[in-house]
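The basis for the numbers below is simple: all heavy atoms, side chains too, and nothing from hydrogens, waters or symmetry mates. Throughout, protein chains are lettered first and strands after them, A, B, ... in sequence-line order, and every chain is numbered starting at 1.
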Amino acid sequence: MGYFDDVYEVVKKIPEGKVATYGQIARITGRPRSARVVGWALHVNPYPGTIPCHRVVNRKGELSGSFAFGGMESQRYLLEKERIKFSKEGKIDLKKYLWCPKAEE
DNA sequence: TAGATGACTAATA
DNA sequence: CTATTAGCCATCT
């Protein structure tokens, strides 16, 4: 399905202990303005065992509000399990945990 | 088929 | 800082 596959390819590459934003994935996939499509791709999430949706957050580093895994609790749990900590407001410190694909590749 | 919706972001005022 | 507009593409009605 076109663009969705690109999104999945990128999201699958997110290493443990790191998070990525929709906009970031959108740029990597070559569509800097398709952040919505990224969100939709994760929303349908056809490969829940392959797509680490919990590592994808919005630009502010917070959870997206409508999680498709079993609630944001699961997302928070999974992230904390990967050494990612949340601030009081339930946000992630992007300064430390934001994935740097350029450095990875 | 056409119009509206959605886990978003960036630019502009 | 907030509010509004536009852009993207798959899916639903």
In whole angstroms, how far is the [atom2] atom of [N] from the [atom1] atom of [X]?
X: A:M1; N: C:dT11; atom1: CE; atom2: C1'; answer: 9 Å
X: A:Q24; N: B:dC8; atom1: CD; atom2: P; answer: 16 Å
X: A:Y8; N: C:dA10; atom1: OH; atom2: P; answer: 11 Å
X: A:E62; N: B:dC8; atom1: CD; atom2: C1'; answer: 12 Å
X: A:K91; N: B:dA7; atom1: NZ; atom2: C1'; answer: 17 Å
X: A:Y22; N: B:dT9; atom1: OH; atom2: C1'; answer: 12 Å
X: A:L63; N: B:dA7; atom1: CG; atom2: P; answer: 14 Å
X: A:R55; N: B:dA7; atom1: CZ; atom2: P; answer: 23 Å

Hey, can you pull the donor-acceptor pairs under 3.5 Å for the side chains in residues 25-37 of chain A, sequence neighbours left out?
residue : atom : partner : partner atom : Å
A:T29   : OG1  : A:Y3    : OH           : 2.5
A:T29   : OG1  : A:I25   : O            : 2.8
A:T29   : OG1  : A:A26   : O            : 2.7

Closest-nucleotide 5' rank along DNA chain C - winner of A:A35 and A:F4: A:A35
Whichever of A:S34 and A:W40 has its nearest DNA chain C nucleotide further upstream toward 5': A:S34
Sidechain N-carboxylate O distance under 4.0 Å for A:E16, A:R83: no
Heavy-atom check, side chain of A:P101 versus side chain of A:Q24, under 4.5 Å: yes
Contact check, side chains of A:F86 and A:E62, non-hydrogen atoms, under 4.5 Å: no
Distance, P atom - from C:dT5 to B:dA4, rounded to whole angstrom: 15 Å
Please write out each protein N/O paired with an N/O of nucleotides 1-4 of chain B under 3.5 Å, distance rounded to 0.1 Å.
none

Under-4.0 Å side-chain N/O to phosphate OP1/OP2 contact, A:R31 with C:dG7: no
Between protein and nucleotides 10-13 of chain B, what N or O pairs are separated by less than 3.5 Å?
residue : atom : partner : partner atom : Å
B:dA10  : OP1  : A:R27   : NH2          : 2.2
B:dA10  : OP2  : A:R59   : NE           : 2.4

NZ (A:K96) with more than 12 external heavy atoms under 6.0 Å: no
CD (A:E73) with more than 12 external heavy atoms under 6.0 Å: no
Exercise: identify the closest heavy-atom pair between A:R59 and A:T21: CA-CG2, 4.2 Å
Check against side chain to side chain contact (heavy atoms under 4.5 Å, CB included), A:R55 and A:W99: CA-CA 9 Å; A:R55 294 191 192 134; A:W99 178 40; over 6 Å; no
Closest-nucleotide 5' rank along DNA chain B - winner of A:V37 and A:K60: A:V37
Heavy-atom donor-acceptor pair, A:R36 side-chain to C:dG7 base, under 3.5 Å: yes
Geometric class of the A:W40/A:H43 ring pair [parallel <30°, tilted 30-60°, perpendicular >60°]: tilted
